[in-house]
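Working notes for the structure below.
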Amino acid sequence: MRAILISVLAATFADLVCADVWWESATIYQIYPRSFKDSDGDGIGDLNGITEKLPYLKDTGVDAIWLSPIYSSPMYDFGYDITNYKEISSEYGTMEDFDNLMKEAKNLGIRVVLDYVPNHTSNESDWFVKSANRESGYEDYYIWADGKLSPNDSNQLLPPNNWVSIFRKSAWQYHPIRQQFYLHQFVIGQPDLNYRNTRVQEEMKDVLHFWLDKGVSGFRVDAVNIMYEVDPSKHDGKYPDEPPSGTPGTTPDDYEYLDHIYTKNMEETYDVVYDWRDLLDEYIARHNESKVMMTECYADLSDMIRYYGNGVRNGSVPFNFLYLEGLKKESNAEDFKMVIDNWMNNMPAGKTANWVNGNHDQSRVGTRHGVKRIDALNMLALMLPGISLTYQGEEIGMTDGSISWTDTKDPQACNTDDPTNYWMKSRDPARTPYQWDGSKHAGFSNSSGDTWLPVADNYETVNLAAQINVVKSHYTFYKDVVAIKKSPAVRRGNMDIRAPSKDILVVTRQLSGNPGFASIINLSDQQQRVNLSAVGLSDRLRVAASGVDCTLEKGAQVTKDNIAVSPHCAIVLTTTAQNANNGCLTPKFFMKPLFMYFSVFLYRYFYIRY
Ligand code: GLC
Ligand code: MG
């Protein structure tokens with residue numbers, strides 16, 4: 001009897017020790033709620049639309065969805081201007097809809113990650129109204145400063161300094177009630193919170209608790225590196241001007257005109273992030289899962305990397321924007337390798353890498369890299385170690401929509417005041433509705449009018465319905481590689497990356513006792529012969545996933561020293577070994593001794609009684 005008990009406990013223990021921190025090798029799918037699926041015909045995506053499509057995401061194999069903001073908002077920056085962090089936007093649904101989404105996601109085993117926007121609220125939020133009225137306790141919730149008298153006109157009040165909004169023009173807005181200026185690093189409707197006020201810090205922690213208590217699995221943290229501004233008490237109580245950057249072609253209205261030494265990457269930021277990590281870790285025992293935190297920070301590698309932690313304290317997973325921004329249409333295999341190595345070699349030991357192919361602020365892969373590289377980039381993000389981020393629609397190879405000046409909604413584009421060049425700043429093209437099928441509004445909405453942004457022109461050919469049950473499609477390939485990502489070698493194995501020529505990139509993943517995988521990309525428009533002799537693996541390999549431009553089909557066998565890879569082909573090969581156990585003891589494993597224990601118990605019970 002004791003032996004059985006010990007075996008049960010040992011199995012349970014082994015299972016716990018082996019249990020993955022789920023996000024360390026997760027596929028996280030970003031949903032931009034406004035453009036994913038409209039369930040009520042108003043031309044705007046919503047929560048019930050997302051819930052309706054959860055089975056699709058389950059089938060695709062994603063581990064988690066990250067929802068761009070769903071909170072109440074006047075939508076000047078489409079949800080990134082929040083009036084109440086604990087309320088759902090009426091355009092997107094109700095709290096009941098959210099609870100229902102959570103329930104369905106839990107049933108399907110999809111985790112939900114929310115967007116957390118700590119830098120600013122909406123100027124319509126209660127906090128801001130109270131602060132503008134100098135209500136007791138709220139006076140210092142935001143960054144307020146006195147204006148400067150104009151040297152030329154004593155009736156004119158100028159902003160406190162030269163700071164510029166990321167969306168152009170002064171970052172200061174005069175508030176007539178308070179008779180001071182407030183700082184907004186984005187639109188006028190997005191006043192910056194004051195993190196030097198501990199009450200603000202507590203309020204924002206409370207927001208994290210609110211959603212964690214609802215069962216979410218973590219957060220994506222918005223614009224984290226602009227959370228702090230310089231400490232005015234060290235500058236005679238003033239916010240000093242920022243020096244010009246010398247960037248050619250910029251005017252004082254442009255963000256790039258200044259060197260942001262007082263509004264960005266302040267030292268204090270990191271401790272706040274580490275505090276949030278501690279808060280999230282309180283839930284490990286409570287929810288029996290580790291919560292993910294990913295931070296958005298466009299900065300130098302050295303500043304970015306510090307979000308991981310400082311050796312003593314843990315932090316977040318900083319989005320790998322070097323990957324997103326470092327790779328271009330012209331990049332060759334050596335460039336790819338360099339950009340990937342750069343992250344892997346600079347990330348602190350034991351941390352989780354991540355691969356960002358796109359988001360709602362960036363041009364889509366098919367447009368940025370050209371449609372011929374869609375499979376290559378999708379595959380790479382999935383085959384490299386760590387977290388793979390997929391922006392909605394990338395799995396079907398959507399490209400940027402073309403949005404006229406009149407249809408333009410993005411405040412960053414509108415603020416250019418330039419009907420000719422606005423598109424260079426516009427984020428609308430990547431935010432066009434998801435292309436579900438070839439019907440009206442691409443199946444996104446059954447609105448009788450327009451959708452909030454027009455659907456991209458190519459929806460009749462590029463859509464999910466046209467790809468879902470097809471042997472060769474971006475979607476089928478994506479789904480196959482997502483499944484491969486779940487195998488032990490890709491989750492936890494070694495990574496070897498090499499560029500045998502400027503055209504060929506090979507990423508190999510191996511874990512002893514398990515099938516290994518080699519993914520090959522041919523970036524050129526010529527067939528290339530690839531010799532994998534140097535990477536280990538078995539002599540015979542089988543095609544496990546085949547991109548739309550590959551002539552080698554899934555299931556085909558190849559010899560590793562001479563593989564003919566067709567132009568623009570992205571392909572995954574595997575050793576033909578049988579699927580081995582992943583090395584972890586699964587719940588099934590300890591169910592067996594448990595069952596035996598109860599059998600013995602029942603036997604003895606009945607034996608003794610009768
Ligand atoms: C982040 C978001 C972007 C938003 C900005 C302000 O960069 O990704 O969409 O406009 O923050 O919240
Ligand atoms: Mg709707």
Side-chain angles (χ1 to χ4, degrees), residues 29-57 60 62 65-70 73 75 77-80 89-93 97 101 115 357-368 371 374 389-414 422-423 426-468 473-475 478:
Y29 185 92
Q30 182 194 352
I31 292 182
Y32 192 69
R34 213 173 173 76
S35 298
F36 192 57
K37 174 72 184 152
D38 172 21
S39 72
D40 60 2
D42 63 356
I44 297 171
D46 43 52
L47 294 183
N48 288 340
I50 297 171
T51 308
E52 180 189 321
K53 294 297 183 184
L54 286 175
Y56 160 66
L57 296 171
T60 306
V62 307
I65 51 174
W66 142 34
L67 306 180
S68 278
I70 52 173
S73 162
M75 300 288 170
D77 191 20
F78 299 105
Y80 282 95
S89 147
S90 54
E91 272 181 335
Y92 296 162
D97 296 335
L101 183 156
D115 219 308
N357 262 338
N359 60 42
H360 64 293
D361 296 329
Q362 305 288 339
S363 167
R364 286 185 174 279
V365 167
T367 303
R368 216 164 359 103
V371 290
I374 289 171
L389 289 136
T390 302
Y391 176 53
Q392 67 180 42
E394 292 296 352
E395 75 280 21
I396 57 168
M398 278 175 62
T399 46
D400 290 354
S402 65
I403 309 291
S404 68
W405 170 249
T406 15
D407 281 340
T408 291
K409 299 283 189 315
D410 177 15
Q412 181 168 259
C414 296
Y422 70 96
W423 58 271
S426 183
R427 299 170 298 176
D428 288 336
R431 298 177 177 178
T432 57
Y434 189 98
Q435 291 158 213
W436 295 101
D437 58 40
S439 70
K440 189 176 172 207
H441 301 319
F444 159 71
S445 168
N446 55 18
S447 161
S448 51
D450 291 336
T451 52
W452 83 278
L453 272 182
V455 167
D457 296 338
N458 62 2
Y459 75 97
E460 282 172 276
T461 46
V462 178
N463 63 63
L464 178 68
Q467 296 188 25
I468 198 161
S473 70
H474 294 308
Y475 176 73
Y478 176 85

Checking side-chain polar atoms at under 3.5 Å, does [X] have a donor or acceptor matched by the opposite partner on [Y]?
X	Y	result
Asp38	Thr451	no
Ser73	Tyr80	no
Thr60	Tyr29	no

What's the shortest heavy-atom distance between [X] and [Y], and which atoms?
X	Y	result
Pro454	Asp407	CG-OD2, 3.6 Å
Asp46	Asp40	OD2-OD1, 3.1 Å
Ser35	Thr432	CB-O, 3.9 Å
Ala430	Gln362	CB-O, 3.1 Å
Arg368	Gly358	NH2-CA, 4.0 Å
Asp77	Pro411	OD1-CG, 3.6 Å

For this session: Determine, stepwise, if the pair Asn458 / Thr399 fulfils side chain to side chain contact (heavy atoms under 4.5 Å, CB included).
Result: CA-CA 8 Å; Asn458 62 2; Thr399 46; 2.9 Å; yes
Just how far is it from atom [atom1] of [X] to atom [atom2] of [Y], taken to the nearest 0.5 Å?
X	Y	atom1	atom2	value
Asn359	Thr390	CG	OG1	12.0 Å
Glu394	Asn357	CD	CG	6.5 Å
Lys37	Asn48	NZ	CG	11.5 Å
Ser445	Asp42	OG	CG	7.0 Å
Ser39	Asn446	OG	CG	9.0 Å
Leu57	Phe36	CG	CZ	4.5 Å

For this session: May I ask you to decide if the ring planes of Tyr434 and Tyr56 are parallel, tilted or perpendicular, using 30° and 60° as cut-offs?
Result: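 Answer is perpendicular, since the angle exceeds 60°.
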Less than 4.5 Å apart, any side-chain heavy atom of [X] and any of [Y]?
X	Y	answer
Gln467	Glu395	no
Thr51	Asp97	no
Leu47	Ile70	yes
Ile50	Ile65	yes
Pro33	Ser68	yes
Gln30	Leu389	no
Val62	Tyr478	yes
Tyr391	Arg431	yes

For this session: Please indicate whether Trp423 has more than 12 foreign heavy atoms, meaning atoms of other residues, nucleotides or ligands, lying under 6.0 Å from its CH2.
Result: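 Not more than 12 within 6.0 Å, no.
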Exercise. Is it true that Asp400 and Arg427 have a side-chain N and a carboxylate O under 4.0 angstrom from each other?
Worked result: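 The answer is no: the pair does not qualify as a salt bridge.
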For [Y], does its backbone N or O pair with a side-chain atom of [X] as donor and acceptor, under 3.5 Å?
X	Y	result
Asp437	Ala465	no
His474	Ile374	no
Asp428	Asp410	yes
His441	Gly449	yes

For this session: Tell me, with the steps shown, if Arg34 and Tyr92 meet side chain to side chain contact (heavy atoms under 4.5 Å, CB included).
Result: CA-CA 8 Å; Arg34 213 173 173 76; Tyr92 296 162; 3.2 Å; yes
Exercise. For Phe78, what residues pass the ring-ring contact (aromatic ring centres under 6.0 Å, His included) criterion, not counting sequence neighbours?
Worked result: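 For Phe78 the ring-ring contact (aromatic ring centres under 6.0 Å, His included) partners, ignoring immediate neighbours, are Trp452.
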